[in-house]
Trainee: 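Below you'll find the structure I mean.
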2 protein chains.
Amino acid sequence: MKITIQDVAKKAEVSVATVSRVLNGNYPVKAETKEKVQKVIKELNFIPNIQARELTRQKSTAIGVVLPSINNMFFPEVVTSIETALKAKGYSLILCCSNNDREEEVRCINDLLARNVAGVIVLDPNTSNINSDFYKSIAKTVPIVFINGHASVENISSVSNDESIGAEIALKYLINNNHKNILFIRGENSASYDIKEKKYISMLTNSNHYHPSNVINIGKGNGSETVDNTIVSVTNFLTKNRKITAIFACNDLMAVGAINACKRLGLNVPEDISVIGFDNTELSKIVEPKLTTIDQNMSLLGENAAELLLEKITYNNEFSKKIILNNKLVIRETVNQQGD
Amino acid sequence: MKITIQDVAKKAEVSVATVSRVLNGNYPVKAETKEKVQKVIKELNFIPNIQARELTRQKSTAIGVVLPSINNMFFPEVVTSIETALKAKGYSLILCCSNNDREEEVRCINDLLARNVAGVIVLDPNTSNINSDFYKSIAKTVPIVFINGHASVENISSVSNDESIGAEIALKYLINNNHKNILFIRGENSASYDIKEKKYISMLTNSNHYHPSNVINIGKGNGSETVDNTIVSVTNFLTKNRKITAIFACNDLMAVGAINACKRLGLNVPEDISVIGFDNTELSKIVEPKLTTIDQNMSLLGENAAELLLEKITYNNEFSKKIILNNKLVIRETVNQQGD
DNA sequence: CTGAAAGCGCTTACAG
DNA sequence: CTGAAAGCGCTTACAG
């Protein structure tokens, strides 16, 4: 039922080779012939089959993107910028969601490879997959770029943020504003939380204000769960400990949870207590007061990942590069500039 | 460099036909042969090329999804449920973003067709594309499902919400709680806002409380822009008009903007003023107080769209169906139950 | 149970 | 400037 190049050739009374040439414009075709063929293409509403083209040309214009979840304020922004950058170069995106599951991630990649993608971008790759040989063997045959994957794997390019510096900037900002007793809020095991906690411990130890009990872990959860879990944990914490003047949250959702907890306890942010988040998701600009946070450069992550992948594709997967972006502080309304 | 079925056949000392049979398990193969082939497949890490398979089989296991933007609290949730439903049936998703642009939408669809998708799901299809003959002609050759597209086009299935009923439920809830003077907030031209405004006008006219000046349009914008624009408009409005006891917002972002404006003016929500949103995005569960809103059934929209598409694919694009979901009220914390 | 061969829709040397 | 033919990686009647 679908129109093929054969149908066009027949109707235009030329060979399929000629139709192919006018389609691709890569060989001389007599003007008259060209017009005739183009007319038929229009008439028949012919769309060339890219699958067949790619099979012949032995190259692909599809890119795989695997991400832990779409349903999150962080990933959609990154995906948007990947899509924009790649579409401009004629690539399409095949999306696969791993649901934070290690094996599903492997399945996604295998499916993408089977679909003959020219390369794949993985957001937040699973640590155990990185450490196993999975990525090492895959990376030999197809260009791979990690976003926020601490890629010790050779032959994989990556873009990430220096979250350690980001945490340092955030904590310095609090400390410079005279905050000494700072609550640290994190979630369950994640390399990213570990990095921030490490920085927190070293800085607070330096200032003689490190107390292990000022680190709380709100457990796991997504979206509004994170907020709710944080509200519970922070409420518990603050009813017992009022020495805290500032809160460092490992992401914006936790920061919003902390702010909400304060409100319920009748504490004003930032007058009574300051809060700083991490990520600079859209949410940080939506809540009231607007959240002071650390910018995770989401669109830069996406753009750079797209570029690195294109580079790998162009140079036959031969060179790898790591790009580390510096996080920067976004001052809005939730940190009291005088401290206490 | 890539391993093909040829390589496997050679190493296993069988024909490619036999390899294909053990791959697909659709023909009898001697146990011994099967094992030998499977062993080689493992050794060589062979992944069959789906593009080639689909070219031969003349069918596709890729589905196109086109959406106006990924960067939005509504679409990612819908896409997630589409992905989940479709992955379970062995399909993959090719994503294309139209950036709210009519022509880009057409380009997306054409690209997807060229990539030989088995069908396409369009979120919020552009009205002018629906009215032109574009979709009509496309729908003849490939299964198409609209989400929230008021599809008058024959041969296209669709899932949508009855937003008119949704608006009615929301307004009735306000009115039953004794709210009479209700502010209506909408954005720039969209069929969806028009439907809600129409309902608003008819219901408020009925109760003799319709005043055209109580309808405000905050212009266009996405994400935090919407919130900011709403804050400005509502602040302006409320400084001049304090008779309002409730606000109906056409989406959750506008509702949050309205709440933020109230806070800045020293008005408590819901004690001084009630706010109801629309959509039930994750945001409505994140803000404080939690937003009372109308559920847009985002995951149901996705699931149903996936099902309708699968149905069309199975039955050769021969049957179409429209599903209209009923919105329901989600009572949380922003509407004062006594009114005023 | 297995292999040889045709064919899916395209592109591209090759020959003219 | 144009056509015939090989080939991309697979599947599936057909024959044995």
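Order of the sequence lines fixes the chain letters, A, B, ..., with proteins taken first and strands second; residue numbering starts at 1 for each chain.
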Trainee: Rounded to whole angstrom units, what separation is found between the CD1 atom of A/I3 and the P atom of C/dC8?
Mentor: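 Going from A/I3 (CD1) to C/dC8 (P), I get 15 Å.
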Trainee: Using atom CD1 of A/I5 as one end and atom P of C/dC8 as the other, report the distance to the nearest whole Å.
Mentor: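 About 14 Å, once rounded to whole Å.
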Trainee: Taking only side-chain nitrogens and oxygens of A/Q51, does any of them come within less than 4.0 Å of OP1 or OP2 of D/dG9?
Mentor: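 Checking A/Q51 against D/dG9: no side-chain N or O falls below 4.0 Å of OP1 or OP2.
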Trainee: Given D/dT11, D/dG9, C/dC10, identify the nucleotide with an atom nearest to the side chain of B/L23.
Mentor: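 Comparing D/dT11, D/dG9, C/dC10 against the side chain of B/L23, the answer is D/dT11.
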Trainee: Using the P atom on both, measure D/dA5 against D/dC1 and round to a whole Å.
Mentor: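 Comparing P positions in D/dA5 and D/dC1 gives a spacing of 24 Å.
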Trainee: By the 4.0 Å heavy-atom rule, please label A/T18 as base, sugar-phosphate, or nothing.
Mentor: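 Sugar-phosphate, backbone atoms only, no base.
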Trainee: Is A/Y27 close enough to C/dT11 that one of its side-chain N or O atoms is under 4.0 Å from OP1 or OP2 there?
Mentor: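 So the side-chain polar atoms of A/Y27 never come under 4.0 Å of the phosphate oxygens OP1 or OP2 of C/dT11.
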Trainee: Salt-bridge test for B/D111 and B/R107: reply yes if a basic N is under 4.0 Å from a carboxylate O, no otherwise.
Mentor: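 No.
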Trainee: Hey, does the side chain of A/N297 reach the backbone of A/L300 with a donor-acceptor pair shorter than 3.5 angstrom?
Mentor: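 Flag not set: sc A/N297 to bb A/L300 has no pair under 3.5 Å.
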Trainee: Please tell me if B/R53 has a side-chain N or O lying less than 4.0 Å from either OP1 or OP2 of D/dG9.
Mentor: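 So the side-chain polar atoms of B/R53 never come under 4.0 Å of the phosphate oxygens OP1 or OP2 of D/dG9.
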Trainee: For atom P, what is the distance between C/dA13 and C/dG9, given to the nearest Å?
Mentor: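 My reading of the P atoms in C/dA13 and C/dG9 gives 23 Å.
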Trainee: Tell me the interatomic distance from B/Q58, atom CD, to C/dA6, atom P, rounded to whole angstroms.
Mentor: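 Atom-to-atom, B/Q58 to C/dA6, this comes out as 18 Å.
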Trainee: Mind calculating the distance between NZ (B/K10) and P (C/dG3) to the nearest angstrom?
Mentor: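 The distance from NZ of B/K10 to P of C/dG3 comes to 15 Å, rounded to the nearest Å.
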Trainee: Given atom CD of B/E13 and atom C1' of C/dT2, what is their separation to the nearest angstrom?
Mentor: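 Those two atoms, CD and C1', are 15 Å apart.
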Trainee: Quick one: label B/T4 by what it contacts on the DNA or RNA (base, sugar-phosphate, nothing), any heavy atom closer than 4.0 Å.
Mentor: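 B/T4: backbone/sugar contact only, no base atoms under 4.0 Å.
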Trainee: Write down the distance between CD1 (B/I47) and C1' (D/dC10), rounded to a whole number of angstrom.
Mentor: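 For the pair B/I47 CD1 and D/dC10 C1', the rounded distance is 15 Å.
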Trainee: Between B/N24 and D/dT11, is there a side-chain N or O to OP1/OP2 distance below 4.0 Å?
Mentor: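 Yes.
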Trainee: Quick one: A/E32 CD to D/dT2 C1', roughly how many Å, whole number?
Mentor: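 It is 13 Å, rounded to the nearest whole Å.
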Trainee: May I ask you to verify whether the side chain of A/R21 and the base of D/dG3 hold a donor-acceptor pair under 3.5 Å?
Mentor: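 Looking at the base of D/dG3, it does pair with a donor or acceptor on the side chain of A/R21 (distance under 3.5 Å).
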Trainee: Of all the nucleotides listed (D/dT12, D/dT2, D/dT11), which has the minimum atom distance to the side chain of B/A17?
Mentor: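 For B/A17, the side-chain atoms sit closest to D/dT12.
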Trainee: So which nucleotide from D/dG9, C/dT2, D/dT11 ends up closest to the side chain of B/R57?
Mentor: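 The nucleotide sitting nearest to the side chain is D/dT11.
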Trainee: I'd like to know if the side chain of B/S157 and the backbone of B/K321 have a donor-acceptor N/O pair within less than 3.5 Å.
Mentor: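 Yes; at least one donor-acceptor contact below 3.5 Å.
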Trainee: If only side-chain N and O atoms of A/T56 are considered, is one of them under 4.0 Å from the OP1 or OP2 phosphate oxygen of C/dC10?
Mentor: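 Checking A/T56 against C/dC10: no side-chain N or O falls below 4.0 Å of OP1 or OP2.
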Trainee: Return the 5'-most residue of the pair A/K30, A/V16 with respect to DNA chain D, ranking by each residue's nearest nucleotide.
Mentor: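 First, find each residue's nearest nucleotide; the 5'-ward one identifies A/K30.
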Trainee: Given D/dC1, D/dC10, C/dG9, which nucleotide is nearest the side-chain atoms of A/N49?
Mentor: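 Out of D/dC1, D/dC10, C/dG9, the nucleotide with an atom closest to A/N49's side chain is C/dG9.
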Trainee: Between B/S20 and D/dT12, does any side-chain N or O lie under 4.0 Å from OP1 or OP2?
Mentor: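 Answer no for this pair, as no side-chain N or O of B/S20 is under 4.0 Å from OP1 or OP2.
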Trainee: Hey, what do you get for A/C96 versus A/C108: SG atoms under 2.5 Å apart or not?
Mentor: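 Yes, A/C96 links to A/C108 through a disulfide.
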Trainee: Are B/E43 and B/K39 close enough for a salt bridge, meaning some N to O gap below 4.0 Å?
Mentor: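 Looking at B/K39 together with B/E43, the answer is yes, because their closest N to O distance falls below 4.0 Å.
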Trainee: In whole angstrom, what separates A/D7's CG from C/dC10's C1'?
Mentor: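 The distance from CG of A/D7 to C1' of C/dC10 comes to 13 Å, rounded to the nearest Å.
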Trainee: In whole Å, measure the gap between the P atoms of D/dC14 and D/dC10 for me.
Mentor: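 Straight-line distance between the two P atoms is 24 Å.
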Trainee: Any donor-acceptor pair under 3.5 Å linking the side-chain atoms of B/R115 with those of A/T61?
Mentor: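 Their side chains do contain a donor-acceptor pair, which is all the 3.5 Å distance test asks for.
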Trainee: Could you please name the partner base of C/dG16, counting Watson-Crick and G-U wobble pairs only when both distances are under 3.5 Å?
Mentor: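 By the stated definition (distances under 3.5 Å), D/dC1 pairs with C/dG16.
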Trainee: Output yes when at least one side-chain N/O atom of A/N26 is less than 4.0 Å from OP1 or OP2 of C/dT12, else no.
Mentor: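 Yes, within the criterion.
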Trainee: Measure the spacing between CG of B/L310 and OH of B/Y315 and express it to the nearest 0.5 Å.
Mentor: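 Going from the CG atom of B/L310 to the OH atom of B/Y315 covers 11.0 Å.
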